[in-house]
*Asks:* 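Shown below is the structure under consideration.
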Amino acid sequence: MSTNKNTRHKKSKVAAYLIEKSNLVKLVIFSGLFSLVFVNLFKPFASDRWLNISSTQYFLYSCVIVFIGIVVVAISRYLMNLFVRRYSLNNVEYAIWVFLELFILSGFYTLYVLWMRSDLSFWSLEDIVIVFRDININTFSVVFFPYLISWLYFAYDDKNKRIRELEKRGVVRNGPSVLHFSDEKGGQRLSVAFESVIYLESADNYIEINYLLQGKVEKFMLRNSMKRTELELTETAIQRCHRSYMVNFEHVTAMHKEGDDFLLELDIPDTKRIPVSKTYVQKATEAFTYFGRRKSISLHEVTYRDNA
């Protein structure tokens with residue numbers, strides 16, 4: 001049971017923004033428009049000389065070709081959307097899906113070329129292989145760029161959305177000036193200035209609160225669960241980064257990878273580096289990006305006022 005769970009963990013799920021319904025629609029439309037422009041600008045396989053037609057007629061023919069591609073990709077992405085509703089899709093499976101999608105697309109284009117060109121035969125294996133090979137190269141070349149541009153845009157847009165969500169939730173520096181920690185029965189056990197809290201570490205049924213007191217790191221053992229404490233600190237800069245750790249991201253100065261592990265460096269001398277589990281890497285990156293930016297803005301404002 002645990003082995004299967006670990007195996008599933010190792011297979012990273014594909015980023016949610018890649019299979020989001022609205023992004024799938026955007027990908028289909030953008031790829032179609034890009035292909036239409038490419039075909040009319042570069043005219044692959046000297047396709048403008050297949051028939052004695054005008055540039056306007058060629059444009060109309062190219063619209064038909066691109067429309068076929070849009071239909072194939074749209075059906076593929078529709079099926080992908082249905083699939084991910086019931087099953088998970090990891091990065092390898094997503095890549096295989098895309099390659100199969102392009103492979104089928106090349107098959108349709110091969111049939112189209114064989115039908116359009118009088119010098120080629122449906123019954124010639126050599127013609128089919130040569131055309132399919134060339135079509136594959138062009139299809140992958142044409143589709144690769146709009147796919148890559150779309151993926152980069154989706155990733156950038158998703159990151160900005162998450163940052164805006166943090167801002168809307170009011171997860172800001174000027175949140176609670178004092179934190180009150182209660183035990184599992186609701187009894188208040190510790191009150192400490194927000195900026196003094198460094199990190200929290202779970203230990204069996206207890207949470208070890210590490211905080212600054214007169215320049216020294218103190219520890220306080222609180223009988224409570226990490227899950228309950230996480231819910232109580234949702235609207236603060238103290239965010240979960242590991243099953244056993246929560247950290248005040250206003251004290252984080254760097255996040256780096258060491259081997260297979262991600263670690264957080266803190267601005268408190270002689271403080272251990274805090275691990276980040278793979279499950280929380282994205283969340284920790286977003287929190288560090290947001291709170292690191294706010295901290296630099298605050299320091300800039302202080303410096304500006306002092307200089308003024």
Side-chain angles (χ1 to χ4, degrees), residues 9-10 12-13 15-17 91 151-152 154-177 179 181 192-203 207-220 226 229-230 233-307:
H9 235 295
K10 290 179 181 177
S12 301
K13 288 185 179 180
Y17 57 79
N91 292 321
W151 291 333
L152 291 174
F154 295 154
Y156 175 77
D157 186 54
D158 182 69
K159 182 179 178 181
N160 284 338
K161 282 180 181 176
R162 290 176 180 275
I163 291 175
R164 286 196 295 270
E165 284 173 7
L166 286 172
E167 291 174 340
K168 284 181 180 179
R169 282 166 46 196
V171 188
V172 295
R173 172 67 178 85
N174 56 5
S177 56
L179 291 178
F181 291 96
V192 62
F194 174 81
E195 63 272 14
S196 295
V197 178
I198 308 170
Y199 69 90
L200 281 61
E201 181 179 359
S202 67
I207 294 175
E208 181 184 274
I209 302 170
N210 290 262
Y211 63 99
L212 282 173
L213 181 64
Q214 297 179 350
K216 294 182 179 180
V217 178
E218 298 289 340
K219 302 178 188 294
F220 184 88
M226 186 67 86
T229 305
E230 181 184 8
L233 297 173
T234 300
E235 303 299 327
T236 73
I238 302 173
Q239 299 285 311
R240 190 83 170 263
C241 64
H242 190 276
R243 186 182 65 178
S244 302
Y245 290 91
M246 291 182 69
V247 66
N248 186 344
F249 274 88
E250 292 197 349
H251 287 298
V252 177
T253 57
M255 178 177 175
H256 63 88
K257 191 173 184 181
E258 195 172 282
D260 293 330
D261 302 319
F262 285 88
L263 298 170
L264 298 176
E265 301 277 358
L266 306 179
D267 60 4
I268 311 299
D270 302 322
T271 303
K272 69 177 182 180
R273 294 178 295 179
I274 307 298
V276 179
S277 60
K278 292 181 181 179
T279 309
Y280 291 95
V281 168
Q282 185 172 358
K283 182 179 178 181
T285 302
E286 291 165 1
F288 180 46
T289 300
Y290 178 68
F291 292 111
R293 183 182 65 176
R294 289 197 63 85
K295 187 174 181 180
S296 63
I297 291 173
S298 299
L299 288 173
H300 173 74
E301 290 173 347
V302 170
T303 305
Y304 177 79
R305 287 198 300 269
D306 290 344
N307 291 335

*Asks:* On a heavy-atom basis, which atom in Tyr17 and which in Ala155 lie closest, and how many Å separate them?
*Replies:* OH-CB, 3.4 Å
*Asks:* Residues two or more places apart in sequence or in another chain: which of them pass side-chain contact (heavy atoms from CB on, under 4.5 Å) with Ala254?
*Replies:* Glu265
*Asks:* Please list, chain by chain and in numerical order, all residues satisfying side-chain contact (heavy atoms from CB on, under 4.5 Å) with Leu263, sequence neighbours excluded.
*Replies:* His256, Glu258, Arg273, Pro275
*Asks:* Calculate, to the nearest 0.5 Å, the distance between atoms CG and OG1 belonging to Leu264 and Thr271 respectively.
*Replies:* 12.5 Å
*Asks:* With sequence neighbours left out, what residues match Ala193 under side-chain contact (heavy atoms from CB on, under 4.5 Å)?
*Replies:* Glu195, Ser196
*Asks:* Does Lys216 have any side chain to side chain donor-acceptor pair (under 3.5 Å) partners at least two apart in sequence or in another chain, and if so, which?
*Replies:* none
*Asks:* What are the two closest heavy atoms between Glu230 and Arg240, and how far apart are they?
*Replies:* OE1-NH1, 2.7 Å
*Asks:* Write down the atom of Met226, the atom of Ser202, and the distance for their closest heavy-atom approach.
*Replies:* CE-N, 3.4 Å
*Asks:* List the residues meeting side chain to side chain donor-acceptor pair (under 3.5 Å) with Gln214, not counting sequence neighbours, and say none if there are none.
*Replies:* none
*Asks:* Could you check if a side-chain atom of Leu233 sits within less than 4.5 angstrom of a side-chain atom of Leu179, using non-hydrogen atoms only?
*Replies:* yes
*Asks:* Pick one: which of Ile238, Val197, Ile209 meets side chain to side chain contact (heavy atoms under 4.5 Å, CB included) with Met246?
*Replies:* Ile238
*Asks:* For Thr236, does its backbone N or O pair with a side-chain atom of Gln239 as donor and acceptor, under 3.5 Å?
*Replies:* yes
*Asks:* Nearest 0.5 Å please: distance from the CZ atom of Phe181 over to the CG atom of Leu200.
*Replies:* 5.0 Å
*Asks:* Could you list the residues that satisfy side chain to side chain donor-acceptor pair (under 3.5 Å) with Tyr245, not counting sequence neighbours?
*Replies:* Glu201, Lys272
*Asks:* Drop me the distance from Phe249's CZ to Met255's CE, to the nearest 0.5 angstrom.
*Replies:* 7.0 Å
*Asks:* Taking the side chain as every heavy atom from C-beta outward, state whether Leu266 and Thr253 have any atom pair closer than 4.5 Å.
*Replies:* no
*Asks:* CG of Asp158 to CD of Glu286: how many Å apart, nearest 0.5 Å?
*Replies:* 7.0 Å
*Asks:* Within this structure, what is the CG-CG distance for the pair Asp267 and Asn248, rounded to the nearest 0.5 Å?
*Replies:* 9.0 Å
*Asks:* To the nearest 0.5 angstrom, please state how far the NZ atom of Lys278 sits from the CZ atom of Phe262.
*Replies:* 8.5 Å
*Asks:* What are the two closest non-hydrogen atoms of His251 and Ile198, and how far apart are they?
*Replies:* CD2-CA, 4.1 Å
*Asks:* Which heavy-atom pair separates Ala15 from Asn91 by the least distance, and what is that distance?
*Replies:* N-OD1, 4.4 Å
